[in-house]
Amino acid sequence: MLHQIKHIAAETLAEVIEFRRHLHMNPELSYHEEKTAAFVKEKLDSWGISCKTNVGGFGIVALIEGKNQTKKVIALRADMDALPILEENKTEYVSKVPGVMHACGHDVHTASLLGAAKILQQLKTEFEGTIKLIFQPAEEKLPGGASLMIKDGVLENPKPFGIIGQHVMPLIDAGKIGVRSGMYMASADEIEMTVYGKGGHAAMPHLNVDTVLITSHIIVALQQIVSRNANPTIPSVLSFGKINSEGGAYNIIPNTIHVLGTFRTMDEKWRDDAHLKMKKMAETLAESMGGRCDFIINKGYPALINNEELSAEVRTNAVEYVGEENVIDLDMWMAAEDFAYYSQITRACFYRLGTRNEAKGITSSVHTPTFDIDESALEIGMGLMAYNAIKSLK
């Protein structure tokens with residue numbers, strides 16, 4: 001089976017590269033993936049794979065049924081949306097949509113899953129069980145397409161025993177795979193803080209309620225939530241990325257200051273506790289200094305926990321597929337991913353596909369205007385997904 005999959009993947013590579021380039025040239029933002037979904041459906045239909053559309057938005061769910069189709073079900077997931085970034089690459093497949101770009105590799109994920117689908121459809125008489133293909137919209141924007149597809153029953157009828165996802169990793173060379181068991185990616189919450197005071201001339205602070213000073217105290221004090229309240233064995237990050245005021249100048253204290261930030265951790269109980277502590281500290285501190293603070297937390301994606309058993313199987317499969325020397329043990333990563341919603345419900349494994357090639361100058365990180373991949377990675381991208389699916393059904 002391993003050799004069959006590798007052979008078909010090699011034969012299919014040129015076609016899947018074209019899929020990826022088409023998707024890259026025609027990116028669509030979260031919740032607007034109508035043409036992308038139509039493209040996916042067209043390909044699945046051409047291979048005789050029936051699918052359900054408009055699941056959780058523009059999501060697509062397809063089934064590839066082998067022999068004894070009810071014996072076991074495994075799900076494979078790829079996301080489809082792009083980012084609001086103006087691409088700066090000069091390739092022949094550069095984005096045709098100004099200000100929109102596949103800068104996180106979702107074009108790669110979708111193309112890889114299409115390639116895996118084609119492989120699995122050719123081999124469906126040689127395995128038992130069912131493989132559920134999930135083409136998901138809106139990974140990049142809250143509330144996240146995964147949560148919406150789950151609400152629409154993507155993990156039911158048939159119910160998979162687990163789900164496997166793959167994501168590009170520009171820090172890893174093409175040809176390599178990264179896997180981690182247990183805690184892998186963080187939850188992500190958005191903080192919106194507004195501090196109210198009394199503005200006025202900066203030379204007469206006794207007549208004002210200084211919003212700048214209050215905000216400064218709050219930002220510094222909130223770091224204690226992480227440094228003095230969090231269990232040191234639980235990774236946590238609290239960062240603020242934007243501060244702006246209504247009015248204010250060299251010699252003017254503004255009435256109002258707005259602050260945006262993010263809180264991330266890997267433990268859901270601590271996450272909820274930290275929310276309460278941050279809100280209380282910010283509001284109480286502002287009040288003690290004569291002002292007022294509105295502290296709003298927009299709860300985002302949960303922590304992504306890779307199932308130990310399924311992750312061990314995926315790691316073994318990767319070793320068999322690319323060799324022990326090409327499988328890397330990943331560190332925890334404080335970025336977030338809505339695949340985490342699946343991991344809260346069923347056994348899940350989210351692993352990394354190496355896409356870096358320094359010799360070709362392909363080194364840019366995700367979410368940058370120069371992100372690109374070594375397209376040879378697509379051969380492993382589709383092949384390993386197909387191999388993981390078939391091995392999981394045994």
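Nothing fancy with the numbering, it's 1 onward along the sequence. If you're wondering where the values come from, they're calculated on a predicted model, not measured in any experiment.
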Got a donor-acceptor contact below 3.5 angstrom from the D338 side chain to the A146 backbone? yes
Does Q344 reach the main-chain N or O of A303 with its side chain, forming a donor-acceptor pair under 3.5 Å? yes
Within-4.5 Å side-chain heavy-atom neighbours: F135 and L114: yes
Hey, what's the ring geometry for F350 with Y184, parallel, tilted or perpendicular (30° and 60° as the breaks)? tilted
Are there more than 12 heavy atoms of other residues, nucleotides or ligands under 6.0 Å from atom NZ of K176? yes
Between F19 and I119, is there a shared hydrophobic cluster once you connect ILVMFWY residues whose side-chain heavy atoms come closer than 4.5 Å? yes
Assess whether atom NZ of K299 is packed by more than 12 heavy atoms of other residues, nucleotides or ligands within 6.0 Å. yes
Audit row: I134, K132, side-chain contact (heavy atoms from CB on, under 4.5 Å) steps and yes/no: CA-CA 6 Å; I134 299 173; K132 177 176 278 193; 4.2 Å; yes
Any side-chain heavy-atom pair of T355 and D173 under 4.5 Å: no
Would you call the rings of H24 and H102 parallel, tilted or perpendicular, taking 30° and 60° as the class edges? tilted
Main chain of P254, side chain of T211: is a donor-acceptor contact present, judged purely on distance under 3.5 Å? yes
In a check of side-chain contact (heavy atoms from CB on, under 4.5 Å) between M278 and each of D273, L238, N229, which one passes? L238
Treating T130 as the side-chain partner and Q69 as the backbone partner, does any N or O pair qualify as donor plus acceptor under 3.5 Å? yes
Any cation-pi pair here, K6 with Y321, using under 6.0 Å and within 45°? yes
Residues, nucleotides or ligands: over 12 heavy atoms within 6.0 Å of Q223 CD: yes
Give the other cluster members for M266, using side-chain heavy-atom distances under 4.5 Å between Ile, Leu, Val, Met, Phe, Trp and Tyr residues; answer none if it is isolated. M183, V237, I305, M332, M334
Contact between T262 and E190 at the side-chain level, heavy atoms closer than 4.5 Å - yes or no? no
Any side-chain to backbone donor/acceptor pair from N208 onto H201? Under 3.5 Å, distance only. yes
For the residue pair Y341 and Y301, categorise the inter-ring angle as parallel (less than 30°), tilted (30 to 60°) or perpendicular (more than 60°). perpendicular
Is a salt bridge present between K35 and E28, judged by a nitrogen-to-oxygen distance below 4.0 Å? no
Between F371 and S365, is the side-chain contact (heavy atoms from CB on, under 4.5 Å) condition met? List the steps. CA-CA 6 Å; F371 173 75; S365 182; over 6 Å; no
Hey, which of V226, L222, I297 is the one that makes side-chain contact (heavy atoms from CB on, under 4.5 Å) with F263? V226
How about T215 and I218: do any of their side-chain heavy atoms sit closer than 4.5 Å? no
Side-chain heavy atoms of I390 within contact of M1, under 4.5 Å: yes
Evaluate whether atom NE2 of H7 has more than 12 neighbouring non-hydrogen atoms of other residues, nucleotides or ligands under 6.0 angstrom away. no
Got a donor-acceptor contact below 3.5 angstrom from the N255 side chain to the G199 backbone? yes
Under the side-chain contact (heavy atoms from CB on, under 4.5 Å) criterion, do E139 and E337 qualify, and how do the steps go? CA-CA 7 Å; E139 188 279 324; E337 159 68 55; 3.2 Å; yes
Yes or no on side chain to side chain donor-acceptor pair (under 3.5 Å) for N89 and D372, after CA distance, side-chain angles and deciding distance? CA-CA 8 Å; N89 290 315; D372 201 0; 4.8 Å; no
Cationic tip of K72 above F161 ring, under 6.0 Å, 45° of axis: yes
Indicate yes or no for a side-chain donor-acceptor contact from E87 to the backbone of S95 under 3.5 Å, with no hydrogens or angles considered. yes
Take atom CD in E268; do more than 12 heavy atoms of anything else shown fall under 6.0 Å from it? yes
